[in-house]
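Have a look at the structure below, then the notes.
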Number of protein chains: 2
Amino acid sequence: MFVKAEWSFNLSAKLDLLAAFAEIARGLGNAHRLDLLEHLAQGEKAVETLAAKAGLTVANASQHLQALRRVGLVVGERRGKQVVYRLSGDDVLDLVAALRTVGERHADSVKAVVRDYFHGRDSLDAVAFPVLEQRLRDGLVTLLDVRPPDEFADGHVPGALNIPLSDLKARLNEIPPGAEVVAYCRGPWCVLAFEAVAFLRGQGRGARRLDGGLPEWRRAGRQVVRPSAI
Amino acid sequence: MFVKAEWSFNLSAKLDLLAAFAEIARGLGNAHRLDLLEHLAQGEKAVETLAAKAGLTVANASQHLQALRRVGLVVGERRGKQVVYRLSGDDVLDLVAALRTVGERHADSVKAVVRDYFHGRDSLDAVAFPVLEQRLRDGLVTLLDVRPPDEFADGHVPGALNIPLSDLKARLNEIPPGAEVVAYCRGPWCVLAFEAVAFLRGQGRGARRLDGGLPEWRRAGRQVVRPSAI
DNA sequence: CGAACATTCAAGAGAGTTATTGAATGTTCG
DNA sequence: CGAACATTCAATAACTCTCTTGAATGTTCG
């Protein structure tokens, strides 16, 4: 079978454009860069902060951030001694969300990780946003933000109680007894919320994960508390 | 400044999961693979067909298709002598669309290609789907599908006239005079429709591009004619 | 100005990606 | 069965990506 090539003219326009899109995709094509994007989705951050949160050396984080900036996924702005990076737009969140959807539905590697690490925990019964809102109104749940305090301060769901995962054991008494706990953190696959739910269930508490983290909450057009806003 | 790492436990779960998503992104990270995905968005195709349409050797196309299959973006099915590939789901179209949105808004490389090749043509005044539908009802436009006949046969917008770009000059008389022409092809950046509009305008015809190709039309839940359906 | 700080740059080793080539596998058909 | 066909595999060379290291740049503050 032979199919004749259908253009003789503008081939390079097409390939140049596709190459530009491919470059963006390669920007997403590294676990550490996806991690950095998740951290940036919580709010803008300086290089050293990001390096620490992502467990990278500063030089390495800087290079990854420059790779992200080169393809337009983040923007960096010098602010005094620091260079502060942020996502270049909400469409970047949409892109990462689309990547996650495809992965969860079709990628065996994703399914394998979910099965090995997350399943048997509580993946199935995450609480959707509208359900949470109804139950909060009815006073039936305690909403728990298990991220570190600096990220909580940069924005959180109204009514959330901030107890970082690392402090949860010590501060268990701060959680009102009786009401079910709904925990959230940076995103749909943030391990902090999984760990919190597992721990709380081990303590005999009713606990579930929120289906999405703060970026998803914000992206869904919901209100975010930002006490330390400038 | 020193920020303590916030986990001591499930780090590998998180990185394994991100690595799995990153692998999918790398699957998109090549111009030829994006091209193959656009062709597959028109309908399922065998390896040799795809190789010809994308201008690749068969062995090379096969390798790219296997790369796409490995990360779950396409599925391949042996059908007799041939292996027929197709997109693994509509969410793949959504992912590519999200990539395009980010690129158009934030990537300088994309903007540069658009400026150099596509602008000065007609990029700005593409016709949206609802507008096309209204004008088709009112008999004000001729809808032109400039893709090759085999793709037209696999599905097209109701009421479209199929004249492949390569035949346009010779078959100009088939286009009813008077009515404005709206041309579409494989997707928002398919060069065929750009070229067709440029040519028709050069002939003094009123012509515009449809804002999206057949996959977008289908994805928007609109009717598709498929005369040669099995 | 000079010290301290935050970030970037440069170079290099090791690993991964891509196009090409030719051979190997699996399927159909006479 | 054997020839023809469609696809995949294997090996290779050129190229790109990533992390590490240490030096260089740019900014603030005393």
Side-chain angles (χ1 to χ4, degrees), chain A residues 1-3 5 11 15 18-20 22-37 39-40 44-71 73-86 109, chain B residues 1-3 11 15 18-37 39-40 44-71 73-86 109:
Chain A
M1 187 186 191
F2 179 72
V3 178
L11 184 55
L15 280 182
L18 291 176
E23 209 180 332
I24 300 169
R26 281 199 303 273
L28 295 173
N30 175 283
H32 291 304
R33 284 198 293 272
L34 290 177
D35 196 15
L36 290 169
L37 289 175
H39 286 293
L40 286 171
E44 55 177 40
K45 288 182 176 48
V47 178
E48 194 170 3
T49 312
L50 285 164
K53 285 187 184 288
L56 301 172
T57 65
V58 171
N60 196 7
S62 174
Q63 285 181 184
H64 280 305
L65 289 164
Q66 284 171 73
L68 290 170
R69 180 162 60 182
R70 206 176 308 125
V71 301
L73 289 166
V74 308
V75 293
E77 181 197 347
R78 180 127 224 160
R79 208 172 287 168
K81 271 190 251 194
Q82 306 190 119
V83 174
V84 175
Y85 283 91
R86 62 172 186 279
S109 50
Chain B
M1 187 184 190
F2 180 74
V3 178
L11 184 55
L15 281 181
L18 291 176
F21 289 122
E23 209 180 333
I24 299 169
R26 281 199 303 273
L28 295 173
N30 175 283
H32 291 304
R33 284 198 293 272
L34 290 178
D35 196 15
L36 290 169
L37 289 175
H39 287 293
L40 286 172
E44 56 176 39
K45 288 183 175 45
V47 178
E48 193 170 5
T49 312
L50 285 163
K53 285 186 184 290
L56 300 172
T57 65
V58 171
N60 196 6
S62 174
Q63 286 181 184
H64 279 305
L65 288 164
Q66 284 171 74
L68 290 170
R69 181 163 58 181
R70 206 177 308 125
V71 300
L73 289 165
V74 308
V75 292
E77 180 198 348
R78 180 126 224 162
R79 208 174 288 167
K81 270 191 248 193
Q82 306 191 117
V83 175
V84 175
Y85 282 90
R86 61 172 186 278
S109 51

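FYI, side chains are in, hydrogens and waters are out, and symmetry mates aren't considered; it's all heavy atoms of this structure. The chains referred to below are lettered A, B, ... by the order of the sequence lines, with proteins before strands, and numbering in each begins at 1.
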*Check side-chain contact (heavy atoms from CB on, under 4.5 Å) between Arg86(B) and all other residues, then give those that pass, not counting sequence neighbours.*
Glu44(B), Val75(B), Glu77(B)
*Reading nucleotides 22-30 of chain C from the 5' end, what letters show protein touch, with B for base, S for backbone sugar-phosphate only, - for no heavy atom under 4.0 Å?*
B----BS--
Tabulate atom names and distances for all N/O pairs under 3.5 angstrom spanning the protein and nucleotides 14-18 of chain D.
{"unit_1": "dT18(D)", "atom_1": "OP1", "unit_2": "Asn30(A)", "atom_2": "ND2", "d": "3.2"}
{"unit_1": "dT18(D)", "atom_1": "OP1", "unit_2": "Arg33(A)", "atom_2": "NH2", "d": "3.4"}
{"unit_1": "dT18(D)", "atom_1": "OP2", "unit_2": "Arg33(A)", "atom_2": "NH1", "d": "3.0"}

Output side-chain donor-acceptor pairs under 3.5 Å for residues 61-68 of chain A, partner residues at least two apart or in another chain, one line each.
{"unit_1": "Ser62(A)", "atom_1": "OG", "unit_2": "Gln66(A)", "atom_2": "NE2", "d": "2.9"}
{"unit_1": "His64(A)", "atom_1": "ND1", "unit_2": "Arg33(A)", "atom_2": "NH1", "d": "3.1"}
{"unit_1": "Gln66(A)", "atom_1": "NE2", "unit_2": "Ser62(A)", "atom_2": "O", "d": "3.2"}

_Which heavy atom of Ala46(A) sits nearest to which heavy atom of Gln82(A), and what is that distance?_
CB-OE1, 3.6 Å
*What heavy-atom pair brings Asn30(B) and Ala22(A) nearest, and what distance separates the two atoms?*
N-CB, 3.3 Å
*Return the minimal non-hydrogen interatomic distance between Tyr85(A) and Leu40(A), and the atom names on each side.*
O-CD2, 3.3 Å
*Under 4.0 Å between a side-chain N or O of Gln66(A) and OP1 or OP2 of dT7(C)?*
no
*What is the distance from atom CZ of Arg70(A) to atom CD of Glu23(A), rounded to the nearest 0.5 Å?*
8.0 Å
*Which atoms form the tightest heavy-atom contact between Lys45(A) and His39(A), and what is the distance?*
NZ-O, 3.5 Å
*Roughly how many Å is it from CG in Leu65(A) to P in dC9(C), rounded to a whole number?*
12 Å
*For the pair made of CG in Leu15(A) and P in dT18(C), what is the distance, rounded to whole Å?*
14 Å
_Whole angstrom value for the distance that separates P of dA6(D) from CD of Glu77(B)_ = 18 Å
*Rounded to whole angstrom units, what separation is found between the CG atom of Leu56(B) and the C1' atom of dT7(D)?*
15 Å
*asked:* Please tell me if Tyr85(A) has a side-chain N or O lying less than 4.0 Å from either OP1 or OP2 of dT8(C).
replied: yes
*Hey, what do you get for CG (Leu34(B)) to CD1 (Ile24(A)), rounding to the nearest 0.5 Å?*
9.5 Å
*Evaluate the side-chain proximity of Leu28(B) to Val71(B): yes if any heavy-atom separation is below 4.5 Å, no if none is.*
no
*Find the distance Glu48(B):CD to dC5(D):P and express it as a whole number of Å.*
10 Å
_Where DNA chain C forms stems, i.e. three or more consecutive Watson-Crick or G-U pairs with both distances under 3.5 Å_ = C:1-30 with D:1-30
*Could you tell me which residues satisfy side-chain contact (heavy atoms from CB on, under 4.5 Å) with Ala31(A), sequence neighbours excluded, listed by chain and number?*
Leu15(B), Leu18(B), Ala19(B)
*Quick one: is Ser62(A) getting a side-chain N or O under 4.0 Å of the dT7(C) phosphate, OP1 or OP2?*
no
